[in-house]
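Here's the structure we're looking at; comments come further down.
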Number of protein chains: 4
Amino acid sequence: MEHAVKARRLPRVVRERQMVDAAVRCFARHGYRAASMDEIAELAGVSKPLVYLYLGSKEELFTACIRREAGALLGAVAAGAEGAGLPPDERLWAGLLAFFTYAAEHPDSWMVLSLRARTQGEPFAGELARLRDEIVGFVAGLIGEAAREADGVVTGRDVNALAQALAGAAESLATWANETPGVTAKEAAATLMNFAWAGLGNLMKSERWSPR
Amino acid sequence: MEHAVKARRLPRVVRERQMVDAAVRCFARHGYRAASMDEIAELAGVSKPLVYLYLGSKEELFTACIRREAGALLGAVAAGAEGAGLPPDERLWAGLLAFFTYAAEHPDSWMVLSLRARTQGEPFAGELARLRDEIVGFVAGLIGEAAREADGVVTGRDVNALAQALAGAAESLATWANETPGVTAKEAAATLMNFAWAGLGNLMKSERWSPR
Amino acid sequence: MEHAVKARRLPRVVRERQMVDAAVRCFARHGYRAASMDEIAELAGVSKPLVYLYLGSKEELFTACIRREAGALLGAVAAGAEGAGLPPDERLWAGLLAFFTYAAEHPDSWMVLSLRARTQGEPFAGELARLRDEIVGFVAGLIGEAAREADGVVTGRDVNALAQALAGAAESLATWANETPGVTAKEAAATLMNFAWAGLGNLMKSERWSPR
Amino acid sequence: MEHAVKARRLPRVVRERQMVDAAVRCFARHGYRAASMDEIAELAGVSKPLVYLYLGSKEELFTACIRREAGALLGAVAAGAEGAGLPPDERLWAGLLAFFTYAAEHPDSWMVLSLRARTQGEPFAGELARLRDEIVGFVAGLIGEAAREADGVVTGRDVNALAQALAGAAESLATWANETPGVTAKEAAATLMNFAWAGLGNLMKSERWSPR
DNA sequence: CATGAATGAGCATTCATTCAT
DNA sequence: GATGAATGAATGCTCATTCAT
């Protein structure tokens with residue numbers, strides 16, 4: 001008779017996924033503090049006590065969101081950029097494309113990862129820092145590889161600052177692209193790639209801009 | 001009678017400045033939601049009703065913070081980059097240097113502008129968007145000027161995306177520099193300038209990176 | 001198939017005993033309100049619904065605890081003091097010793113009976129009052145018997161007040177002995193016996209202390 | 001016009017007293033856990049936030065209750081028993097009378113001090129222990145004084161156990177008197193005095209009851 | 001001008017209790 | 001017989017905001 005109208009008595013794993021889904025949306029829309037457990041529970045279609053039973057607390061729930069979404073983003077970028085035989089520029093391009101595509105297709109996830117989480121102190125900052133470190137490390141690896149191929153001379157600190165700037169530019173562009181109608185992930189990735197590769201090339205050739 | 005213990009009966013402008021000062025610190029430290037009017041009033045050394053009398057509400061107070069700090073940042077960048085006769089690269093360099101210097105010297109101000117404000121919806125986003133538009137516009141102007149000088153061919157959309165990427169990289173680098181001990185404003189500015197100018201030059205010469 | 005890992009399918013009586021055991025511990029440790037059915041169920045090694053199935057409700061469970069422990073205490077005291085042929089002082093001594101021994105050997109039980117139960121209103125107070133009445137009645141019986149032997153003149157009200165005071169002193173001493181390391185049950189019983197018997201003797205000889 | 005119908009805008013000290021009054025009633029009636037801040041606030045005729053503003057938290061409020069009531073009880077007993085020139089028995093009598101009178105006239109206060117506070121762990125137990133120690137110390141002082149006057153030989157441990165038993169009997173009798181209609185404070189005090197003094201005298205003469 | 005007094009509304013969290021299997 | 005799944009109803013606590021003086 002009943003056609004699972006409200007889907008009661010679901011197994012725990014399913015419920016947990018629903019809850020984290022709802023939480024990601026709410027945290028993305030309102031931020032950590034402004035998001036209320038009531039709203040999350042209602043959006044997930046369950047009662048508040050169940051959220052606490054399964055996820056523990058608001059803090060743990062937020063951490064679970066960050067972990068899950070960070071894993072998904074990392075997975076997408078890694079899957080896009082893995083091609084071992086490809087030259088570094090091709091792999092950077094693939095990684096950037098995968099990154100912008102993920103950000104465009106999962107705006108709530110990207111919102112949580114890029115903005116909401118940073119504004120809270122520990123323990124969220126740490127969780128987020130790990131994601132950023134992995135991405136920056138991945139980019140720094142590509143830059144270093146390219147530098148070796150080109151016999152360029154760059155210090156480790158330079159490589160890190162560059163990777164940092166590139167990651168920052170990517171973050172900023174992704175948010176901007178999400179907010180600006182008509183900008184595709186491919187365009188955003190191309191812009192950044194153009195912007196970055198030439199600059200990287202120059203740096204590796206030690207042709208630097210200097211004041212005066 | 002009066003022991004001048006706590007400097008009573010100050011003119012309104014002074015009191016307001018004290019309050020906004022306190023508010024910037026609190027918002028920077030805790031974020032918009034987590035900052036409490038109690039703490040702000042106490043830090044400003046006034047009673048809570050006075051804050052409401054002068055600044056209206058928490059929302060208006062936050063807006064006042066954003067406006068004042070955005071004005072200060074813009075003023076600093078404009079003052080640094082104004083030299084009318086200088087070539088565009090020198091002016092971009094001066095602007096970047098002024099920007100990173102401001103962010104380093106006023107970390108609370110930069111915190112409010114870069115992170116805290118974005119995480120809240122309207123009307124703060126709008127306030128912030130205006131600051132960003134001004135900065136991006138300034139950068140875009142420089143890029144356009146340079147493009148004309150170099151007879152390069154770039155569309156307006158390209159210029160905007162570039163300015164956006166540059167601004168994003170700058171934002172990200174500024175936060176990173178503030179969090180990383182030993183990184184000076186000048187280093188950060190130099191890194192970005194190197195990174196950017198070559199890429200911009202290539203773009204304007206229409207030498208683009210493209211996949212495959 | 002079954003590894004007998006957790007002793008499933010036990011007879012109801014055994015399960016109930018486990019539950020009440022666990023409940024006594026929890027109520028003793030946290031008090032009625034602060035003890036949670038979750039903790040009790042977990043400590044008993046069963047699921048919560050089973051607790052409800054067997055014991056009905058938190059209130060009924062607590063009542064069951066009081067009843068069982070009160071019965072055990074009464075049984076211990078009665079067993080100790082029954083010797084029909086002995087003189088009343090010997091029987092009081094035996095009863096006191098049994099009482100302090102029980103309190104020392106079953107601290108959780110004594111905690112529930114002495115403190116936790118009283119702080120809750122009906123219906124627990126009633127349950128407890130019955131235990132107290134039985135003990136006070138037993139003591140009053142001994143006092144009355146001794147009074148008759150000594151041809152003393154005491155009213156029923158006096159006997160009751162005396163028994164009440166004696167019971168109170170005993171309660172207080174038992175708790176104090178449990179909390180004070182190095183105090184044995186026998187010492188506590190002796191202290192009270194010394195304290196009490198002389199006063200009782202005086203009273204029965206109508207040698208009373210009176211002010212002025 | 002307005003006849004102070006609800007007495008708004010009262011000075012802080014008055015409000016605090018009202019709140020603690022209400023809290024003592026609620027804690028006495030329901031115990032610490034079961035008493036709700038809502039009920040306390042309503043009974044005090046104020047809003048809940050005001051209770052928190054002035055008293056801090058439920059724990060601090062309870063502590064404030066214990067402190068205030070313990071002080072009042074101690075003050076009453078001390079005032080009753082101070083007569084420096086009187087013999088120890090007269091002073092014990094006066095102290096007991098003051099004690100039972102206080103317990104009879106302030107049943108909620110006595111409830112809080114005697115039962116409610118004990119069932120909670122720290123920090124309430126400590127607060128309460130101090131009251132008990134003061135009373136037991138006072139009683140022990142009297143017993144010791146009497147022992148010296150009578151050239152009796154009692155160890156310090158005996159004196160403490162006796163004082164403990166006496167205090168316990170007093171506590172128990174006070175509660176019993178409060179619960180039993182028709183028992184006056186004077187009767188309760190006399191019963192205990194009779195009960196105690198003879199026993200104390202015997203002990204000091206080393207005439208002890210011993211089994212067998 | 002400036003503040004002590006006061007609150008309505010909301011939030012994270014917990015708990016006793018009950019179904020559906 | 002036994003349990004995983006689920007919740008209604010509180011509870012302690014906080015905060016932005018406003019009067020009355």
Side-chain angles (χ1 to χ4, degrees), chain A residues 6-16 33-41 45-61, chain B residues 6 8-12 15 33-41 45-61, chain C residues 6 8-12 15 33-41 45-61, chain D residues 6-16 33-41 45-61:
Chain A
K6 195 93 186 287
R8 302 196 164 272
R9 295 286 142 168
L10 295 180
R12 174 167 181 153
V13 199
V14 179
R15 281 287 192 227
E16 281 191 352
R33 292 284 299 220
S36 89
M37 295 297 271
D38 279 275
E39 193 190 347
I40 292 171
V46 298
S47 70
K48 234 187 329 174
L50 202 59
V51 179
Y52 279 89
L53 188 63
Y54 285 177
L55 275 313
S57 71
K58 194 184 188 183
E59 212 173 287
E60 288 171 84
L61 174 55
Chain B
K6 228 181 160 189
R8 300 185 170 277
R9 305 278 150 170
L10 293 179
R12 172 160 184 158
R15 283 277 195 233
R33 289 284 300 215
S36 88
M37 296 296 272
D38 280 273
E39 193 189 349
I40 292 171
V46 299
S47 73
K48 235 186 328 174
L50 200 59
V51 179
Y52 280 88
L53 186 64
Y54 282 1
L55 275 316
S57 74
K58 194 185 188 184
E59 214 174 283
E60 289 170 82
L61 175 55
Chain C
K6 228 180 158 189
R8 301 188 169 275
R9 304 279 150 170
L10 294 179
R12 171 160 185 160
R15 283 277 195 232
R33 291 283 300 214
S36 88
M37 296 296 272
D38 280 273
E39 193 189 349
I40 292 171
V46 298
S47 73
K48 236 186 327 174
L50 200 60
V51 179
Y52 280 88
L53 187 64
Y54 281 1
L55 274 315
S57 73
K58 194 185 188 183
E59 215 174 282
E60 289 171 83
L61 175 54
Chain D
K6 195 88 188 287
R8 303 194 165 272
R9 295 285 141 170
L10 295 179
R12 175 166 182 155
V13 198
V14 179
R15 281 287 191 228
E16 281 191 353
R33 292 285 301 218
S36 88
M37 295 297 271
D38 279 275
E39 193 190 349
I40 292 171
V46 299
S47 70
K48 229 188 332 174
L50 202 59
V51 180
Y52 280 90
L53 188 63
Y54 285 177
L55 274 314
S57 72
K58 195 184 188 182
E59 211 173 288
E60 288 171 84
L61 175 55

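In what follows, chains carry the letters A, B, and so on, assigned in the order in which the sequence lines appear, proteins first and then strands, with residues in each chain numbered from 1.
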| query | When rounded to the nearest 0.5 angstrom, what distance separates CG in A/Leu50 from CZ in A/Arg12? | reply |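 So the CG of A/Leu50 and the CZ of A/Arg12 are separated by 8.5 Å.
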| request: Supply the atom-to-atom distance D/Lys58 NZ to D/Leu61 CG, rounded to the nearest 0.5 angstrom. | output: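 Separation between the atoms: 9.5 Å.
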Could you state the [atom1]-[atom2] distance from [X] to [N], rounded to the nearest angstrom?
X: C/Ile40; N: E/dC15; atom1: CD1; atom2: P; answer: 11 Å
X: C/Arg15; N: F/dA2; atom1: CZ; atom2: C1'; answer: 9 Å
X: D/Leu53; N: F/dT14; atom1: CG; atom2: P; answer: 11 Å
X: C/Glu60; N: E/dA16; atom1: CD; atom2: C1'; answer: 13 Å

| note | Heavy-atom contacts, protein to nucleotides 15-21 of chain F, under 4.0 Å, summarised as B (base), S (sugar-phosphate only) or - (none) per nt, yield BSBBBS-
| query | What's the shortest heavy-atom distance between A/Ala41 and A/Ser47, and which atoms? | reply |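 Heavy atoms only, the tightest pair is CB-C, 4.0 Å.
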| task | Determine the minimum heavy-atom distance between A/Tyr54 and A/Glu16, stating which atoms define it. | result |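 That would be O-OE2, 3.7 Å.
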| Results of side chain to side chain donor-acceptor pair (under 3.5 Å) for C/Ser57 - residues two or more places apart only |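 Side chain to side chain donor-acceptor pair (under 3.5 Å) check on C/Ser57 returns C/Glu60.
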| How would DNA chain E look in dot-bracket form, 5' to 3', counting Watson-Crick and G-U wobble pairs with both distances under 3.5 Å and writing | for bases paired to another strand? | .||||||||||||||||||||
| query | side chain to side chain contact (heavy atoms under 4.5 Å, CB included) with C/Glu39: which residues, sequence neighbours excluded? | reply |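 With neighbours one apart ignored, the set is C/Cys26, C/His30, C/Ser36.
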| request: Can you sort out the partners of C/Lys48 under salt bridge (Lys or Arg N to Asp or Glu O under 4.0 Å), two or more places apart, ordered by chain and number? | output: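 Scan of C/Lys48 (salt bridge (Lys or Arg N to Asp or Glu O under 4.0 Å), adjacent residues dropped) gives C/Asp38.
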| Reckon C/Tyr54 has a side-chain N or O less than 4.0 Å from the OP1 or OP2 of F/dA2? |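 It does, given that an N or O in the side chain of C/Tyr54 lies less than 4.0 Å from OP1 or OP2 of F/dA2.
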| query | Reckon A/Arg12 touches a base, only the sugar-phosphate, or nothing at all at heavy-atom distances under 4.0 Å? | reply |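 Here A/Arg12 touches the backbone only, sparing every base.
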